[in-house]
Amino acid sequence: MSDKVDAGLERARTVKPIAEKVLTDLLGDVAIGITRVEGVYGLKVNLATAPDPAIELPEVVQGVPVKFEVAGHITKRKPGTK
């Protein structure tokens, strides 16, 4: 990978736990992964149900783009499992 790609991936990894805390407080259970968003590394947030329309979802968290998807039931995995 190029240095630019490595930096983008590392940034997404760094921001992921911050986004998880903020979005869990805002939306309840969420699952967050790293994916490509418009050609750069970003965060994909899976939701159990569609959020209340009154909630303004962030498009970016600390410079990292965020994409949301309603995926249904969310099951938390133990740390270290894939």
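Predicted, not measured: the structure shown is a model, and the values here were computed from it.
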> When you measure from the side chain of Arg11 to the backbone N and O of Tyr41, does any donor-acceptor pair fall under 3.5 Å?
Replying inline: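 A pair under 3.5 Å: no.
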
>> Under a 3.5 Å distance rule, please check whether Lys16 uses its side chain to pair with a backbone N or O of Ile32 as donor and acceptor.
In response: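 Looks like yes, one N/O pair under 3.5 Å.
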
Does a side-chain heavy-atom distance below 4.5 Å link [X] with [Y]?
X	Y	value
Leu43	Val15	yes
Lys44	Val37	no
Val60	Val66	no
Leu47	Leu27	yes

May I ask whether [X] and [Y] are part of the same hydrophobic cluster, defined by side-chain heavy atoms of I, L, V, M, F, W, Y residues being less than 4.5 angstrom apart, directly or through others?
X	Y	result
Ile34	Val30	yes
Val64	Leu26	yes
Leu57	Val61	yes

Minimum-distance pair of heavy atoms, taken over all atoms of [X] and [Y]:
X	Y	result
Pro65	Val40	CG-CG2, 3.7 Å
Ala12	Gly42	CB-O, 4.4 Å
Val70	Ala48	CG1-O, 3.8 Å

